[in-house]
Each structure stands twice: as structure tokens, then as C-alpha cells.
Amino acid sequence: MTEQPINPQAIEPTERKEKPSQTNSMWRVVRRFLLQGGPLIALLLLCIYLALATPFFLTEGNITNVLRRGAVLAILAIGQTFVILSAGIDLSVGSVAALSASVSAVLMTQRIEITETLFIGPVDFWVGLPIGIGVGALAGLINGLIITRGRIPDFITTLGALVTLQGLALLITDGLPVPSYSSAPGALSSLPEQLTWLGSGAILGIPVPAVVALVIVIIAWYVLRYTALGRAIYAVGGNREAARVSGIRVERTKVAVYVISGMLAGIAGIVLAGRLNSANALMGQGQELDSIAAVVIGGTNLFGGEGGVFGSLIGALITTILGNGLNLLNVSSFWQQVTQGLVIILVVIFDQWRRRRFST
Amino acid sequence: MSSEPTLLEMQQIEKRFPGVHALKAVDFDLHAGEVHVLLGENGAGKSTLMKVLCGTESRDSGQIIIRGEPTDDLTPKQAQELGIGMVFQELSLVPALSVAENILIGRLPRRSFGMIDWSQANDIARENLARLGVTHIDPHTPVRQLNVAEQQLTEIARVLSRDCQILLLDEPTSALSETEVDRLFETIQRLREQAVGIIYISHRLDEVARIGQRVTVMRDGAVVGTMPVEAADRDTVVQLMVGHKPGEQRADAQRRTGPSLLRIENLTVQDHLYQLTLELHQGEILGIFGLMGAGQTELADALFGLLPHESGAIFIDNQPVQIDHPGDAVAAGIGYLTRDRRGSLIPVQPIAPNVTLPLIGGLPLLRSLNLRDERSAANKYIQDLQVRPPDLNRSVRYLSGGNQQKVLLARWMHSGARILIFDEPTRGIDVGAKAEVFALMRRLANDGIGIIMISSEIPEVLSMSDRILVMRDGRFKAEYASEKPTQAELLHSASYATEQVS
Ligand SMILES: Nc1ncnc2c1ncn2[C@@H]1O[C@H](COP(=O)(O)OP(=O)(O)OP(=O)(O)O)[C@@H](O)[C@H]1O
Ligand SMILES: [Mg+2]
């Protein structure tokens with residue numbers, strides 16, 4: 001505690017201080033925005049550019065299309081965010097999505113004969129949906145248990161799951177799209193209309209997938225910010241050892257994170273099936289990398305402990321809009337891939353720079 | 001001293017971090033063959049000044065002149081080439097590498113075809129550890145398996161092996177016990193004779209007169225005085241450090257201990273602890289003293305579920321408890337401040353969640369937190385312990401070492417634990433805040449909490465403890481309850497009987 005000199009002249013300098021402190025607080029707001037709004041700035045710039053460059057970008061049809069696609073990726077990326085925040089990685093989200101969608105679609109459209117007279121299906125949408133999501137959660141649970149109980153690195157475990165679960169989905173669907181053209185006895189030729197609505201319907205003009213993604217983002221944000229689980233996730237990702245010696249159950253936290261990721265992958269897969277009006281075992285290919293890219297573009301630290309779901313939402317939109325824009329601009333798909341890769345790297349470089357420059 | 005050539009001159013050094021003016025026009029110099037002690041409160045800027053000097057932080061302005069040559073941009077590599085070596089307060093070893101690899105990092109000896117000569121590397125490592133009297137650390141051991149004191153010794157050995165002319169020691173003894181400190185001081189003495197200049201930072205003020213020739217005191221980023229060590233008596237220095245006359249130091253050692261709180265019976269941990277029996281009462285501060293490796297830390301680890309025990313029983317309130325995981329310990333009402341600061345903080349998180357971390361583990365996963373209550377609760381201890389800057393939103397990685405320690409103290413004081421185990425509670429904490437820490441510990445004890453205090457600082461153990469247990473080789477060797485021992489007695493019972501303490 002330094003003592004303040006008490007004399008009349010001391011009043012003057014304190015009055016003068018007011019002004020710099022005002023610009024200071026302005027600067028603080030700007031800095032906050034630069035620090036936390038980096039991905040948002042990139043998204044806005046991208047949209048402005050595309051709106052000027054092509055008349056098709058801002059058409060209603062295109063916006064709907066972008067939102068539907070972006071929503072599926074966003075849901076996957078939110079699950080991935082939980083995992084990455086805890087310093088893990090989930091390479092299996094694409095396969096889990098495809099498996100969940102396949103299981104749901106098969107249950108909803110086919111008759112599965114157990115014996116000559118005993119069979120199940122086709123089941124109602126409201127039965128198939130929770131089963132599909134449950135399959136995703138179960139896959140996540142198994143991932144989590146292998147990682148924590150078996151002490152197998154996250155990367156290896158989920159890489160194995162990526163391959164295995166895709167194989168399972170191929171088995172279940174026989175490698176065919178569901179519903180398929182071959183008309184087995186008792187099979188339906190199209191998915192239930194609730195499922196189609198989930199993927200391509202609209203509420204008050206807003207595509208249903210976007211609404212689903214938004215609801216999930218808000219719940220995820222609440223969980224991360226305001227619950228014990230959220231705090232534990234940040235702690236485990238920020239310093240696993242410190243979390244442990246503070247009494248946090250690291251293993252339980254990691255399992256929870258993978259269950260959440262699996263469950264959200266399941267939801268994403270089912271929504272995607274609704275959008276495509278079909279499910280197949282390979283529909284999630286490449287989604288694991290896209291979701292990781294979205295999370296990283298959104299500013300979440302790939303090594304855990306820092307970041308959040310709103311960034312990932314924006315990251316998913318950036319990735320989707322970039323692909324969409326390049327399409328609209330008639331860029332060849334080979335160049336699209338090159339561009340998308342470079343953009344990921346540029347965004348992350350920019351992110352590192354502003355962190356160093358503006359961090360407190 | 002001034003007849004010796006000047007090795008180093010720092011002039012008008014300025015350094016700002018966002019929101020903190022860390023160094024304000026600092027002038028500092030160092031002669032060959034002297035130990036220049038640098039003192040100051042937590043957050044005064046000592047470590048920052050040293051980091052500027054060894055190139056790991058850049059300065060905003062100011063001159064650094066080494067042996068008469070000005071240096072412009074000082075990079076870590078240049079600093080090394082200029083003969084500057086540093087022991088970092090927050091140790092800088094690579095956990096995955098072995099002791100030898102760490103000591104010789106970047107300059108492992110080679111044979112033909114660029115193959116690493118491992119036997120030579122291990123010999124060099126062993127030799128440099130032996131200079132510090134350390135023979136029990138195997139150069140092959142990965143650093144992550146060492147305890148903090150061993151890491152600190154390895155870090156010192158690394159710098160010694162480089163034959164530096166300018167040595168920067170930032171709290172090198174904070175985790176060491178008496179014998180290692182003596183060895184280090186002998187080494188420092190030898191280096192002085194070889195005209196090495198040493199800058200020495202410590203919060204253990206009794207060390208100043210033992211090794212220093214000059215003393216510089218910093219406050220709030222500025223130098224407030226430099227004097228020969230003869231003029232630097234405790235009161236003068238403390239007054240310079242804190243800016244006002246120090247308050248009464250001694251905490252009242254009134255004993256009002258209650259019924260049994262914790263009882264350990266025949267606790268055995270393989271290779272570390274043998275048949276330990278101990279009782280802690282409500283309102284009691286039990287000091288545990290021992291030299292390095294006597295088993296104090298293992299005892300705490302075993303109690304907290306970090307180290308499995310082979311046999312033995314733990315009772316809380318006379319009820320047997322099973323503790324296999326720190327989560328069990330926290331649930332049973334035990335808190336444990338470890339010596340390992342790096343392994344306890346979540347660096348990227350602000351102060352508040354770091355303080356409330358132990359309260360999280362016991363909650364159902366989806367239980368909501370009240371962030372406002374959390375902040376105000378965290379704030380209370382942040383004020384009491386004078387964490388600076390007292391900004392709850394600041395990531396703890398940007399706090400000075402001593403302030404990080406205060407955050408950890410706040411964590412366990414706030415955790416609601418009824419049994420607190422503090423391993424070196426005042427490690428890295430300045431004199432002013434130390435008094436506050438002791439007062440808080442006493443207040444907690446008066447509220448019925450039992451505290452086990454492990455410390456290697458004898459004066460601290462003597463003044464704070466209601467009862468003292470001395471450990472050696474994983475066993476209790478002496479107990480002092482009503483009559484306090486002298487320093488020599490305490491040290492004697494902690495050492496081997498054959499090693500006479502002079
Ligand atoms: N990288 C950084 N970013 C922001 N602020 C920093 C950073 N490093 C240090 N500071 C601030 O600079 C000030 C000086 O810190 P420094 O570590 O030099 O203190 P110190 O004198 O070594 O204290 P201690 O005795 O606790 O180790 C502190 O207020 C600290 O919070
Ligand atoms: Mg320091």
C-alpha cells in the first residue's frame with residue numbers, strides 16, 4: 001500500500017487522468033473484440049466479399065443451403081470442442097455420425113427378422129431417433145473407457161474407432177444406401193417424413209438443422225460456462241495433473257466428454273440423413289477433419305484448456321461458406337481443397353499473432 | 001569489492017506488460033567475484049529483470065553493458081555466449097528428458113558420425129550433480145520422476161556445468177533443505193574465488209548475510225536502494241521492501257488443541273515410509289521437519305491418495321476412511337498444498353477458477369455454479385493474502401511466482417477442508433505476506449482446523465508449530481511437544497547420528 005501524498009496540487013493530476021482512462025476503456029473494448037472476435041471478423045469479411053463477388057451468394061436458396069450444411073458441421077464441431085478443450089481429440093465423429101444415421105435409417109425403413117415369425121421394424125421415428133443417438137453416445141462411452149481405463153492415447157483410440165465403426169455401418173447397411181431400391185418384404189421405400197423435416201424443413205423460415213444447432217450451442221455454452229462439468233473440462237485440458245491433485249475426477253471427465261461428442265455426432269448424422277433423404281455408411285467421411293478445423297478456426301486451443309463453442313460455430317460457418325463461395329465462383333474442386341487448407345493455416349497464424357499481441 | 005572489475009551494468013531498463021509496468025528505469029550492476037542479492041516483495045520485478053538479462057524477455061528500453069560492451073537485442077543464445085546462466089524460479093527442465101539430457105541440453109557430447117556419447121554425457125551430469133553433493137540422482141532418470149527439490153538441484157547443476165561468468169539464481173533454495181543449501185553456498189563461494197559474478201534472489205532473508213556482499217532492493221518495478229551487506233540488516237531491508245515499518249512478525253503460538261481429528265496407524269509405503277503412526281488434533285499446527293528425502297512429501301502424498309500405501313489405516317474423527325484418489329481425500333475433508341507449483345496451477349485460467357477448483361470435484365457433473373459467489377469468495381483470500389495485481393480475470397501464468405503461491409494457499413484455505421497439509425506453504429512468498437500467511441493459518445487452527453505443516457525452514461517450523469515431528473528415512477525420529485528444541489537440536493535429530501552437526 002503506497003501512501004498518497006495529501007496536498008491540494010494532487011487534485012489536478014487526478015482530474016486530468018479521466019481522459020486517458022476513457023480512451024483506455026475504448027481501447028479495451030477494441031482489444032477485447034480483436035482478441036475474442038477474430039473468427040467473427042473473418043466470417044464477416046468473407047461474407048462481404050462473396051456478396052460483392054457473386055449475385056448468387058445472398059439468394060434465399062443459397063442461404064438456406066449454407067445454413068443446412070453448416071448446421072451439421074456445427075453440431076459435430078460442438079462435440080469436438082468438448083473433446084479438444086479437455087486436451088483430447090475425436091477422430092471418430094464422422095464414422096459415429098454415419099453409424100447412428102445408418103442404424104436409425106435401417107430401423108425406420110426395414111424389417112429385421114429375428115425368426116420366421118418374430119421381427120422388428122420398421123419402427124416409428126420416435127423410436128429410431130433415440131436409438132440412433134444412443135448408439136452415438138455408446139460409441140463415445142466406449143472410446144472414453146478405452147482411453148481412460150486402457151490408457152490408450154486419444155488419437156489412437158479414436159482412429160481405431162473411425163475405421164471400426166465405419167466397418168460396422170457397412171455391415172448394417174450392407175454397403176447400400178438406406179432406404180435402398182431393392183424391395184425386401186416389409187421394407188419402406190422412403191424415410192419417415194419427420195426425419196426429412198428434421199433435415200430439410202423450416203421453422204418460421206429458418207431451416208430446422210440451424211435451429212437444432214443453435215439450441216445445442218446454447219446448451220453447450222451453458223454447460224461449459226456454468227456447470228461443474230464445464231469447469232472440470234477446462235481444468236483437465238489446462239493442466240491435467242493440477243486437476244487431479246485438486247480432487248477432480250479426470251477419468252470421469254474425459255469419459256463424459258467423449259459421450260457428449262458421440263451423442264452430438266449421432267444427432268448430426270441423423271440430421272444429415274434427413275437432409276440427404278438417405279443414409280449410408282460413408283456419409284461422414286472427412287467430417288472428423290472438418291470438425292477439427294472448425295474448432296481450431298474458432299480459436300479453441302488444440303492443446304486444450306482455452307476456447308469455447310461460439311468460436312466453433314463460427315468456424316463451422318467459415319468452413320462451409322468458404323466451400324460454398326468457391327463453388328459459386330466456379331473454382332475447380334482441386335483448387336477449392338487447396339484454398340480451404342490454406343485458409344485454415346492463415347486463420348490459425350492470425351489467431352496466434354493476435355493472441356501474442358493483445359493478450360492480457 | 002569495487003576494486004573488482006565490473007562484469008555487468010544495466011541502465012534505465014524499462015519493461016511493460018499489458019496492464020503492468022514491471023520495470024521502471026532500473027539501474028543495476030555486478031562485479032566479478034561478488035554475490036549481489038536482489039530482494040523485493042512478490043511481483044516487484046526481480047524475475048523480470050533477470051529474464052531480461054538472460055534474453056528470455058525483451059526490454060522496452062535501456063542499456064545492458066557486459067564487460068564494457070553494450071548489447072543491443074539480447075537473445076537467449078547470445079546471453080549464453082556472453083557467459084550468462086540462469087536458474088529459473090519456475091524450473092525450466094524438460095519433463096520427458098533424462099537428467100543428463102537436461103543438464104547437457106543442446107550440447108550433448110558426440111562421437112564420430114554424430115553419435116551421442118552417452119557414457120560421457122552421464123559422467124558429466126554425475127560430476128556436476130556431485131559438485132552440489134548430490135549423489136542419489138541417477139542421470140538416466142526422466143525429470144518428471146524427480147521431486148521438486150531434485151529438479152531444483154538438476155537445474156542448478158545444468159547452469160554450473162556451463163562455466164558461466166554471470167550466474168543468475170532466482171530463488172534457487174526455495175525447495176531445498178538445510179544440507180543442500182549448505183552445499184550450494186559452498187559452491188557459490190568457490191565460484192566467487194574464480195571471479196564469477198552472481199545475482200541471487202531469495203525470500204529467505206537469513207541467507208542474505210550468509211553469502212551476499214551487496215544488496216539491492218526493488219519495489220513496484222523500481223530499485224529503491226543498493227547497499228553493502230553490512231548495512232542490510234533485516235529491519236532496514238524489510239522497510240525498504242514493503243515501504244513502511246514491518247508489523248510484528250511472530251504469530252501468537254497459543255495452544256488450544258481439541259479432540260483427535262486425524263489418526264494414522266502403521267502407515268507403510270514401499271521404500272518410503274515405515275510403520276508411521278501419527279495423530280493430529282483439532283486446532284493444532286503440527287510441524288514436520290526432515291532433510292531432503294526423509295519421507296515428508298511421501299507421507300502427505302499417501303494421505304492424499306497420490307501414493308498407494310501397502311498397509312496401515314487412516315482415521316478421521318475416529319472413523320476409518322479409504323483414500324485411493326485425491327477426490328476421496330477432498331471429500332473426506334483433506335486439503336493438500338503440494339510443493340510443485342507448476343503441477344498445481346491451471347496456467348491459462350484466471351485466479352477465481354484456480355482458487356475454487358477443489359470445490360468442483362465433489363459436485364454432480366451438471367450442477368450449476370454461482371459465478372458471482374465464486375468471485376466474491378475468491379476475492380476474500382486474494383485480499384487477505386495480498387495477491388498482486390488483485391485482478392481476478394488475470395491468467396495465473398502472468399502472476400509472479402510468489403503471487404502464484406498465494407493463489408494456491410487461497411485455494412486450500414477456501415476449500416473448506418478440515419485437515420490441511422501444507423508442504424512448504426511460504427515457498428517463494430515475501431516477508432510481509434509470510435506474516436499474513438502465518439496469521440491466517442493460526443486463524444484457521446483457532447477455528448478448529450488441523451494443519452500439518454511440512455517445512456525445511458527451521459525458524460518457520462519452530463515459530464509456527466504447536467508440536468514438531470522430525471522425520472528421517474521414512475520414520476519419525478523425534479517429537480517435540482511442550483518444549484521447543486533449538487535449531488541445532490532439530491537439525492541434529494534429522495541428520496544421521498554419525499554426521500555430527502557442528
Ligand atoms: N508475461 C507476463 N505478462 C504480464 N505480466 C507479467 C508477465 N510476467 C510478469 N508479469 C508481471 O510483472 C510483475 C513483476 O513480476 P516478476 O515475476 O518479475 O516478480 P518477482 O519480483 O519475481 O516476484 P516473486 O517474488 O513473486 O517471484 C508482476 O506484477 C507480474 O504480474
Ligand atoms: Mg520471481
Side-chain angles (χ1 to χ4, degrees), chain A residues 1-4 24-25 27-28 31-32 34-35 82 85-87 219-220 222-257 259-260 300-301 303-308 355-360, chain B residues 17-20 95 144 219-220 242-244 301 304-306 325-331 334-338 340-350 353-354 356-371 374 386 391 393-398 408 411-412 415 417:
Chain A
M1 308 294 126
T2 44
E3 286 163 49
Q4 292 292 322
N24 221 5
S25 68
W27 169 230
R28 210 177 296 154
R31 198 170 65 186
R32 242 193 138 78
L34 283 172
L35 185 64
F82 277 81
L85 280 176
S86 76
I219 295 173
Y222 183 86
V223 168
L224 283 176
R225 189 172 159 78
Y226 288 105
T227 68
L229 174 63
R231 192 55 70 71
I233 290 170
Y234 280 102
V236 169
N239 184 350
R240 191 190 165 108
E241 182 58 21
R244 190 170 78 99
V245 299
S246 306
I248 302 255
R249 308 273 176 175
V250 174
E251 263 92 45
R252 198 171 69 174
T253 310
K254 291 219 76 158
V255 170
V257 153
V259 169
I260 290 171
T300 293
N301 188 336
F303 301 105
E306 276 177 298
R355 259 179 228 241
R356 264 201 302 276
R357 181 70 184 73
F358 299 103
S359 67
T360 47
Chain B
F17 294 111
V20 180
R144 85 156 66 79
R219 183 167 80 232
D220 286 337
V242 299
H244 55 82
D301 285 355
F304 200 64
L306 288 167
H325 183 277
D328 298 336
V330 171
I334 304 179
Y336 177 26
L337 172 73
T338 69
D340 184 6
R341 211 180 284 149
R342 256 208 311 192
S344 307
L345 288 167
I346 317 263
V348 296
Q349 293 222 315
N354 265 291
T356 54
L357 201 54
L359 302 173
I360 301 297
L363 297 177
L365 290 182
L366 294 178
R367 168 71 60 80
S368 294
L369 308 173
N370 185 334
L371 299 193
E374 170 178 65
Q386 306 154 26
D391 173 2
N393 295 323
R394 178 172 282 254
S395 296
V396 296
R397 72 183 131 169
Y398 300 131
L408 290 175
R411 169 188 290 178
W412 291 111
S415 68

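Reckoned from all heavy atoms, side chains included, excluding hydrogens, waters and symmetry mates. Chain A is the first sequence line, chain B the second, and so forth, proteins listed ahead of strands; every chain is numbered from 1.
- Of the residues considered (A:Ala228, A:Ala232, A:Gly238), A:Ala228 shows the highest number of contacts with chain B, using heavy-atom pairs under 4.5 Å.
- With a 4.5 angstrom heavy-atom cutoff, B:Phe304 touches chain A only via side-chain atoms.
- Between the side chain of B:Asp301 and the backbone N or O of B:Leu306, no donor-acceptor pair lies under 3.5 Å.
- A salt bridge is defined here as a Lys NZ or Arg NE, NH1 or NH2 lying under 4.0 Å from an Asp or Glu carboxylate O, and A:Arg231 with B:Glu374 meets this definition.
- Looking at B:Asn354, neither its backbone nor its side chain comes within 4.5 Å of chain A, counting heavy atoms on both sides.
- Chosen from B:Leu371, B:Leu363, B:Val330, the residue pairing most often with chain A at heavy-atom distances under 4.5 Å is B:Leu371.
- One distance of note links CG of A:Leu85 with CG of A:Asn301; it measures 9.0 Å at 0.5 Å rounding.
- The stretch residues 249-257 of chain A places A:Arg249, A:Arg252, A:Ala256 near chain B, each with some heavy atom under 4.5 Å from a heavy atom of that chain.
- One finds the CG atom of B:Leu365 at 11.0 Å from the CD1 atom of B:Ile360 (value rounded to the nearest 0.5 Å).
- Annotation: the span from B:Ile334 atom CD1 to B:Ser415 atom OG amounts to 11.0 Å, rounded to 0.5 Å.
- Contact of B:Arg341 with chain A is not made at all, since no heavy-atom distance falls under 4.5 Å.
- Between the side chain of B:Arg411 and the backbone N or O of B:Ser344, at least one donor-acceptor pair lies under 3.5 Å.
- Using a distance-only test at 3.5 Å, with no hydrogens or angles considered, a donor-acceptor pair links the side chain of A:Thr227 to the main chain of A:Gly230.
- Scored by the side-chain hydrogen bond (donor to acceptor under 3.5 Å, both in side chains) test, A:Ser86 finds no partners at all (sequence neighbours excluded).
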